[in-house]
Amino acid sequence: LDWQARLGFVSRAPRWAIAHKFPAEQAQTILNAIDIQVGRTGALTPVARLEPVTVGGVVVSNATLHNADEIARKDVRIGDTVIVQRAGDVIPQIVGIVADDGHAARPVYAFPGVCPVCGSEAVRVDDEVVTRCTGGLICAAQAVERLKHFVSRNAFDIEGLGARHIVAFWDDGLVRTPGDIFRLHEREAEIAEREGWGEQSAANLIAAIAERRTIALERFIYALGIRQVGQATARLLAKTYGTLADWRAAMAAAQDRAGEAWTELNDIDGIGPAVAEDILAFTHEDHNRAVLDDLEALLDVQPFEQPAADSPVAGKTIVFTGTLEKMTRAEAKARAEALGAKVAGSVSAKTDLVVAGPGAGSQARKA
């Protein structure tokens, strides 16, 4: 148990535990079609439409095919007999095909070069496996998916406003931006008259939205749906910058890639150049800045609350370098953060303490 306590947790899961699962049950069925879904970051995801088949007690008619490379690797073609299983007994996936005489005659699937929703060009950037729609803000699919993410459980978590309602409100023009959600009280009577709604359910929704006008900074940043920014990264940003105003000011300053703000963003332990570029791309876009301005006027975004820690390193910025002899680097980072310190990846003008073990090189010299 003391080893378990020493290993600790990552964001949510224990480092010391492993899950053993029974082999997934498999079944065979016909692949009738391949459709493309567009996500909030513009990713085009192919979805297999299957002849319904029972797998592990559940009727499966759809399964993800992940990306163009995965389709090519498995050589999946429309009309093939495919092997389906539920990964982890939850998510349907296609394992492979059942070879037959007709497979070779079926046409190879051609991944689309345009977005099926907005018609914008769809491209593969650099060495990514994902094909993305370049339509951005003009793509309705991306806009709706971002709104769904905004109200999701780990973001604003507005009771009574699920994905189905977001789609319906979007289709009827009630909601176009995240800020519109917090203006729905102006249209309460209109909502009450909608099919499936009434005065009480509309009032409950408006009350639930009002309750979420006050939100923690880390949840707010996560809700924005910035590419590569999950809960852990949102918390890192909130912890480093403290308030929404300071975060926005720092991101504006970091647009200068030669400046101190850019260095500070990259020095956050857990954020590298690729993530930093995605954050800055989001905050630099005019429409996103307008959305942030709108939300800042409508909401009370609470500053990040540092864990109470009565220790000499509380509030200090620490850099670990070289070989640590008594514990691993991850353990040292966790211990320092538990004592209220910030851990950076490299030395800068804001560094308070450097822990230099044997083999410390450039960081020790820089300090």
Any salt bridge between Arg257 and Glu277, counting N to O under 4.0 Å?
yes
With the threshold set at 4.0 Å, does a side-chain nitrogen-carboxylate oxygen contact exist between Lys74 and Asp69?
no
Hey, is Asp300 close enough to Arg213 for a salt bridge, meaning N to O under 4.0 Å?
no
Is there side-chain contact between Val354 and Val347, with heavy atoms separated by less than 4.5 Å?
yes
Less than 6.0 angstrom separating the ring centers of Trp170 and His165, yes or no?
no
Check whether any side-chain heavy atom of Val82 sits under 4.5 Å from a side-chain heavy atom of Thr29, and report yes or no.
yes
Atom CZ of Phe182 and atom CD1 of Ile209: how far apart are they, to the nearest 0.5 Å?
7.0 Å
Given side chains that start at C-beta, do those of Asp157 and Arg212 come closer than 4.5 Å, heavy atoms only?
yes
Looking only at atom types and distance, does a side-chain atom of Thr351 sit under 3.5 Å from a main-chain N or O of Leu353, one as donor and one as acceptor?
no
Out of curiosity, does Tyr222 fall in the hydrophobic cluster containing Phe150 (side-chain heavy atoms, cut-off under 4.5 Å, transitive links)?
no
Asp286 and Asn288, any side-chain heavy atoms less than 4.5 Å apart:
no
With side chains defined as the heavy atoms from C-beta onward, is the minimum distance between Val58 and Thr54 less than 4.5 Å?
no
Going only through I, L, V, M, F, W and Y residues with side-chain contacts under 4.5 Å, is there a path from Leu224 to Ile215?
yes
Please check if any side-chain donor atom of Asn154 sits under 3.5 Å from a side-chain acceptor atom of Arg219, or the reverse.
no
Looking only at side-chain N and O atoms, does Arg289 offer a donor or acceptor that is under 3.5 Å from a partner on Thr283?
no
Nearest heavy atoms of Ile94 and Ala48, plus distance in Å:
CD1-CB, 3.5 Å
Please work out which of the three classes, parallel, tilted or perpendicular, describes the rings of Phe220 and Phe156, given edges at 30° and 60°.
perpendicular
Here the gap from Glu188 atom CD to Glu193 atom CD, rounded to the nearest 0.5 Å, amounts to 11.5 Å
Go through the side-chain N and O atoms of Asp246 and Thr243 and say whether any donor and acceptor fall under 3.5 Å apart.
yes
Taken to the nearest 0.5 Å, the spacing of Gln231 CD from Leu236 CG works out to 12.0 Å
Same apolar cluster (I L V M F W Y, side chains within < 4.5 Å links), Leu298/Leu244:
yes
Heavy-atom nearest pair, Lys239 first then Ala341, reads NZ-O, 3.4 Å
Can Ile206 be reached from Ile166 by stepping across I, L, V, M, F, W or Y side chains whose heavy atoms are under 4.5 Å apart?
yes
Least distance between heavy atoms, Arg194 atom then Phe169 atom:
NE-CE2, 3.5 Å
Ionic contact status for Arg235 with Glu337, cut-off 4.0 Å
no
Residue pair Leu237 / Phe304, side-chain heavy-atom distance below 4.5 Å:
no
Once side chain to side chain donor-acceptor pair (under 3.5 Å) is applied, do any residues pair with Asp267, and if so which ones, sequence neighbours excluded?
Ser346
Close side-chain approach of Leu295 and Pro178, heavy atoms under 4.5 Å
yes
Could you check whether Thr263 and Glu260, counting side-chain N and O atoms only, form a donor-acceptor pair closer than 3.5 Å?
no
Where Leu265 and Ile271 come nearest, the two heavy atoms and their spacing:
O-CG2, 3.8 Å
What I want to find out is whether Arg77 reaches Asp75 closely enough, with some N-O distance under 4.0 Å, to be called a salt bridge.
yes
May I ask you to decide if Thr323's main-chain N or O and Arg329's side chain share a donor-acceptor pair within less than 3.5 Å?
no
Assess the residue pair Arg73 and Glu70 against the criterion (salt bridge (charged side-chain N to carboxylate O under 4.0 Å, His left out)); give the C-alpha distance rounded to whole Å, side-chain angles, the decisive distance to 0.1 Å, and a yes or no.
CA-CA 5 Å; Arg73 185 178 70 82; Glu70 191 74 358; 2.8 Å; yes
Check whether more than 12 heavy atoms from other residues, nucleotides or ligands sit under 6.0 Å from atom CD1 of Ile91, and answer yes or no.
no
Given Val84, Thr81, Val55, the one that forms side chain to side chain contact (heavy atoms under 4.5 Å, CB included) with Gln28
Thr81
How many angstroms lie between atom NZ of Lys148 and atom CG of Leu161, to the nearest 0.5 angstrom?
12.0 Å
Minimum-distance pair of heavy atoms, taken over all atoms of Leu280 and Ala254:
CD1-O, 3.5 Å
CD of Glu159: more than 12 outside heavy atoms within 6.0 angstrom?
no
Rounded to the nearest 0.5 angstrom, the CG-CG distance for Asp180 and Asp294 is 7.5 Å
Step by step, work out the salt bridge (charged side-chain N to carboxylate O under 4.0 Å, His left out) result for Arg106 and Asp100.
CA-CA 11 Å; Arg106 298 181 189 112; Asp100 60 30; 3.2 Å; yes
Residues, nucleotides or ligands: over 12 heavy atoms within 6.0 Å of Lys350 NZ:
no
Grouping I, L, V, M, F, W and Y whenever their side-chain heavy atoms are under 4.5 Å apart, do Val117 and Ile34 come out in a common cluster?
yes
Could you please spell out the steps behind the side chain to side chain contact (heavy atoms under 4.5 Å, CB included) verdict for Tyr241 and Ile268?
CA-CA 11 Å; Tyr241 298 106; Ile268 299 172; 4.0 Å; yes
Checking Gln93 against Gln85: is there a side-chain donor and acceptor pair closer than 3.5 Å?
yes
Provide the closest heavy-atom pair for Lys342 versus Thr240 in the form atom of the first, atom of the second, distance.
NZ-O, 3.2 Å
Identify whether the distance between the nearest side-chain nitrogen and carboxylate oxygen of Arg40 and Glu145 falls below 4.0 Å.
no
Is Arg86 salt-bridged to Glu25, going by a charged N under 4.0 Å from an acidic O?
no
CG-NZ distance between Asp352 and Lys316, expressed to the nearest 0.5 angstrom
5.0 Å
More than 12 heavy atoms of other groups within 6.0 Å of His284 NE2:
no
Using modelled atom types and a 3.5 Å cut-off, is there a donor and acceptor pairing between side-chain atoms of Thr64 and backbone atoms of Val47?
no
Checking the side chain of Ser311 only, and the main-chain atoms of Leu339 only, is there a donor and an acceptor separated by less than 3.5 Å?
yes
Within-4.5 Å side-chain heavy-atom neighbours: Arg146 and Gln142:
yes
